[in-house]
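Since the structure is predicted, the reported quantities are computational estimates derived from the model, not experimental observations. The first residue in the sequence is number 1, and the count goes up from there.
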Amino acid sequence: MSISPTVTARLDQMIAELSDGERGWARESLASRRALLLQVHANVAAHADEWVRVAAAIKQLPAGSPILGEEWISGPWAVLGYMPALAETLTRLEQGRDLLAGCPIGAAPGGRVTVGVLPYNVFDRLLLSGFRAEVWMQPGVTEEETREHAGLGLRAPAQTAGVAVVMGAGNIFSIAPLDVLYQLYAYNRVVLLKLNPVTDPLLPVFEAVFAPFIDRGYLRIVTGDAQVGDHLVTHEGVDAVHITGSEATHDAIVWGAGEAGAAAKAVGTPRLDKPITSELGGVSPAIVVPGRWSKADIRFQAEHIATQRLHNSGFNCIAAQIVIVSSDWPQKQEFLTALRAAFSNAPARPAWYPGCDLRVADARRAHPHFEAVGGTAERTVLWGLDLGDDAESAFGAEYFGPVLGVAELPGTGLEFLNAAVDAANERMHGTLGANLVIDSRTQRQLAARLRESIARLRYGTIGVNAWTGVGYLTARATWGALPGHTLDDIQSGRGIVHNSLLLHRPERTVVYGPFRPLPRSVMTGEFSITPKPPWFLTNRTAASTGRRLTAFAARPRWAALPGIFASALRG
């Protein structure tokens with residue numbers, strides 16, 4: 001069934017309006033672009049409650065559930081945190097100041113320059129105590145080049161780059177707004193946002209939030225099916241495409257659908273004649289480095305990994321899918337027992353994203369010895385996966401749902417870590433994110449060799465005792481696959497987003513977190529006063545903490561901190 005002429009005419013009109021709007025965007029000064037950004041910031045704050053209420057309805061979450069904290073944090077809070085960071089970049093560019101002033105500059109193995117992006121200010125040090133993040137530039141990029149080229153499209157704001165179509169994600173509701181802002185400010189393009197049909201109920205919220213851009217002709221937002229999307233991405237008035245979604249959707253856009261698309265891909269003749277950037281997920285590993293852990297450590301880190309898989313019911317492109325543990329770890333069985341319990345006892349919630357039942361059925365059919373583990377009918381653990389089995393589908397297919405695989409490798413210490421890094425690089429499909437869990441004592445024992453292992457991991461975001469999702473939430477960090485994928489082997493995609501410093505040629509973001517929460521962190525000598533993070537599935541006050549953090553991001557002030565800390569500590 002084709003699109004109706006009425007719909008086609010409306011879409012064509014929107015693209016024509018954006019073409020006109022591009023000339024207005026080219027005339028907007030850095031100061032006026034900053035003012036527009038701050039207007040949107042105020043609008044997000046004003047509509048945050050409505051945003052979360054609609055999100056909860058889409059995801060079938062009951063009012064009063066602690067799980068609503070996920071929607072506060074991965075929705076309005078993420079956007080509210082990003083915009084002031086981007087606004088500061090605009091201010092510095094306008095004033096001719098160094099965009100990286102105040103960011104620690106360091107070095108990483110392989111001739112890489114690093115830029116410290118978290119903590120950035122005193123509020124970061126208090127609210128995310130013990131967490132830090134750094135962006136690693138591509139090998140050979142110098143500090144001088146990094147400083148000189150930061151700013152991207154905003155270094156020449158009058159030189160706009162046309163109309164971009166953003167194909168919005170359907171799982172995390174800050175993705176589409178953040179992708180829109182990156183196209184506007186980093187690439188200097190006006191934008192047509194096509195919502196994923198799952199998120200159509202959020203259209204009134206997004207229209208209200210982005211009214212300053214819509215009114216001036218710099219943004220249009222549409223709903224519709226795949227045919228609408230296809231009309232937009234192939235439109236002659238569209239100059240670039242960005243998609244957050246699946247590898248299959250990307251290939252349908254670039255090469256075409258069905259047999260014709262497969263044939264075009266086989267001979268290397270894409271039908272898309274414009275640049276496309278993408279974030280497409282993948283199979284993310286969680287490497288558990290053996291050490292001497294207390295019972296509390298085992299329980300906490302089991303909950304941590306369960307969170308990495310079950311946050312948002314597992315419908316995250318960055319959800320950990322394969323846990324790699326040491327078969328020689330004396331505490332292996334104790335940890336796996338705790339992992340099963342954490343997976344089983346996590347709050348029950350609907351498997352709300354379309355197609356979940358089919359993906360889970362496929363996983364179970366390929367693994368007859370699967371274990372159905374409490375919470376929902378779909379929750380599944382695949383034990384004893386063989387990293388030497390080239391036919392193991394769990395390493396190549398992103399399940400995008402509550403399915404977790406567990407694999408073992410021999411060894412301890414550096415021997416195990418090297419083997420696990422090799423397995424993550426060679427056996428897992430995609431390069432979006434990888435997680436490392438390692439206790440403080442083992443970190444000290446490995447010393448510089450740990451950093452060398454991190455450098456060997458071929459992933460765009462790496463979390464060390466911090467879920468890689470924290471990298472997504474960090475405004476000045478980069479988000480996207482490791483550079484180097486080609487259109488015919490796209491894996492986790494090409495290009496990055498977020499990156500409010502507008503760094504040129506970054507390679508990855510590395511996020512570090514505390515191994516233990518408060519008070520055990522302080523008792524064991526870790527410099528962190530962070531209790532159980534609010535994104536943990538087992539956090540009892542996640543919703544109230546998420547709401548308070550959102551209000552703080554809307555208007556940062558010292559007086560709000562006691563309430564945030566009190567709520568967080570009760571979690």
Side-chain angles (χ1 to χ4, degrees), residues 48 51-52 55-56 59 61 65-82 118-119 124 126-133 171-175 178 284 286 299-320 342-343 345-347 349 375 402 404 432-433 435 437 461-475 477 479 498 509 511-518 521 528-553 564-565 567-571:
W51 179 327
V52 172
K59 299 184 180 182
L61 299 176
S65 169
I67 299 173
L68 288 173
E70 293 182 3
E71 299 313 309
W72 284 105
I73 290 170
S74 68
W77 184 71
V79 179
L80 287 168
Y82 179 75
L118 182 77
D124 286 345
L126 292 171
L127 293 174
L128 289 168
S129 173
F131 287 87
R132 60 187 179 92
N171 59 330
I172 294 293
F173 299 154
S174 59
I175 292 176
L178 291 171
S284 293
R299 184 170 58 253
F300 178 78
Q301 292 300 342
E303 291 179 5
H304 192 184
I305 290 180
T307 294
Q308 293 174 16
R309 181 71 244 184
L310 294 178
H311 179 281
N312 201 33
S313 289
F315 305 127
N316 285 334
C317 52
I318 198 59
F343 214 69
N345 297 334
R349 58 188 300 175
L404 183 72
L432 186 61
N435 306 276
V437 178
T461 299
I462 298 167
V464 181
N465 295 332
W467 179 30
T468 43
V470 179
Y472 172 90
L473 295 170
T474 300
W479 184 253
H498 304 183
T509 287
V511 185
Y512 302 85
F515 180 70
R516 300 177 178 92
L518 188 73
S521 56
S528 171
I529 58 170
T530 297
K532 181 181 292 185
W535 52 84
F536 264 49
L537 294 168
T538 51
N539 191 302
R540 295 167 298 188
T541 60
S544 63
T545 303
R547 179 190 287 271
R548 288 177 179 273
L549 286 169
T550 301
F552 179 84
I564 296 173
F565 291 146
S567 178
L569 287 168
R570 290 195 304 271

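- Note: S74 OG to N312 CG = 6.5 Å, rounded to the nearest 0.5 Å.
- With sequence neighbours excluded, no residue satisfies side chain to side chain donor-acceptor pair (under 3.5 Å) with Y82.
- Legend: residues meeting side chain to side chain donor-acceptor pair (under 3.5 Å) with S528, ordered by chain and number and at least two apart, are absent.
- With hydrogens and angles ignored, the 3.5 Å screen pairs no side-chain donor or acceptor of N539 with any backbone N or O of P66.
- When atom types are taken as modelled, the side chain of T545 and the backbone of A542 share no donor-acceptor pair closer than 3.5 angstrom.
- Scored by the side chain to side chain contact (heavy atoms under 4.5 Å, CB included) test, L473 finds I73, W77, A78 as partners (sequence neighbours excluded).
- Between G463 and T468 the shortest heavy-atom distance is N-CG2, 3.4 Å.
- Side-chain atoms of D124 and F131, non-hydrogen and from C-beta on, never get closer than 4.5 Å to each other.
- The backbone N or O of F315 lies less than 3.5 Å from a partner atom in the side chain of N171, making a donor-acceptor pair.
- For residues 305-314, no residue pair satisfies the salt bridge (Lys or Arg N to Asp or Glu O under 4.0 Å) rule, not counting sequence neighbours.
- The minimum heavy-atom distance between I305 and A286, with the atom names listed, is CD1-CB, 4.4 Å.
- Under the side chain to side chain donor-acceptor pair (under 3.5 Å) criterion, S313 pairs with R349, not counting sequence neighbours.
- Residues meeting the ring pair (Phe, Tyr, Trp, His ring centres under 6.0 Å) test with Y472, sequence neighbours left out: W479, H498.
- Between the CG atom of L549 and the CD1 atom of I564 there is a distance of 5.0 Å, given to the nearest 0.5 Å.
- For S284, the side chain to side chain donor-acceptor pair (under 3.5 Å) criterion is met by no residue, not counting sequence neighbours.
- Remark: W51 pairs with F206 by the ring pair (Phe, Tyr, Trp, His ring centres under 6.0 Å) rule, at least two apart or across chains.
- For F536, the ring pair (Phe, Tyr, Trp, His ring centres under 6.0 Å) criterion is met by F300, H304, not counting sequence neighbours.
- Ion pairing of E303 with K532 is present here, as a side-chain N (NZ or NE/NH1/NH2) and a carboxylate O approach within less than 4.0 Å.
- In this structure, the side chain of R132 does not engage the main chain of V511 through any donor-acceptor pair within 3.5 Å.
- The line from CD of E71 to NZ of K59 is 3.5 Å long, rounded to the nearest 0.5 Å.
- Looking only at distances, no side-chain donor or acceptor of Q308 sits under 3.5 Å from a matching main-chain atom of N435.
- Checked against side chain to side chain contact (heavy atoms under 4.5 Å, CB included), A551 has no partners two or more places apart in sequence or in another chain.
- Every residue meeting the side chain to side chain contact (heavy atoms under 4.5 Å, CB included) condition with A477, not counting sequence neighbours, appears here in chain and number order: V117, T474, T509.
- For the pair A346 and L310, the tightest heavy-atom approach, listed with the atom from each and the gap, is CB-CD1, 3.8 Å.
- Contact record, A56 with L68: CB-CD2, 3.5 Å, taken as the closest heavy-atom pair.
- Residues satisfying the side chain to side chain contact (heavy atoms under 4.5 Å, CB included) test with L569, not counting sequence neighbours, are L518, P531.
- With rounding to the nearest 0.5 angstrom, the OH atom of Y512 is 12.5 Å from the CG atom of L118.
- The line from OG1 of T307 to CG of L537 is 3.5 Å long, rounded to the nearest 0.5 Å.
- For T541 against S567, the heavy-atom pair with the smallest separation is OG1-O, 2.6 Å.
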Could you walk me through whether I67 and E70 pass side-chain contact (heavy atoms from CB on, under 4.5 Å), step by step? CA-CA 6 Å; I67 299 173; E70 293 182 3; 4.0 Å; yes

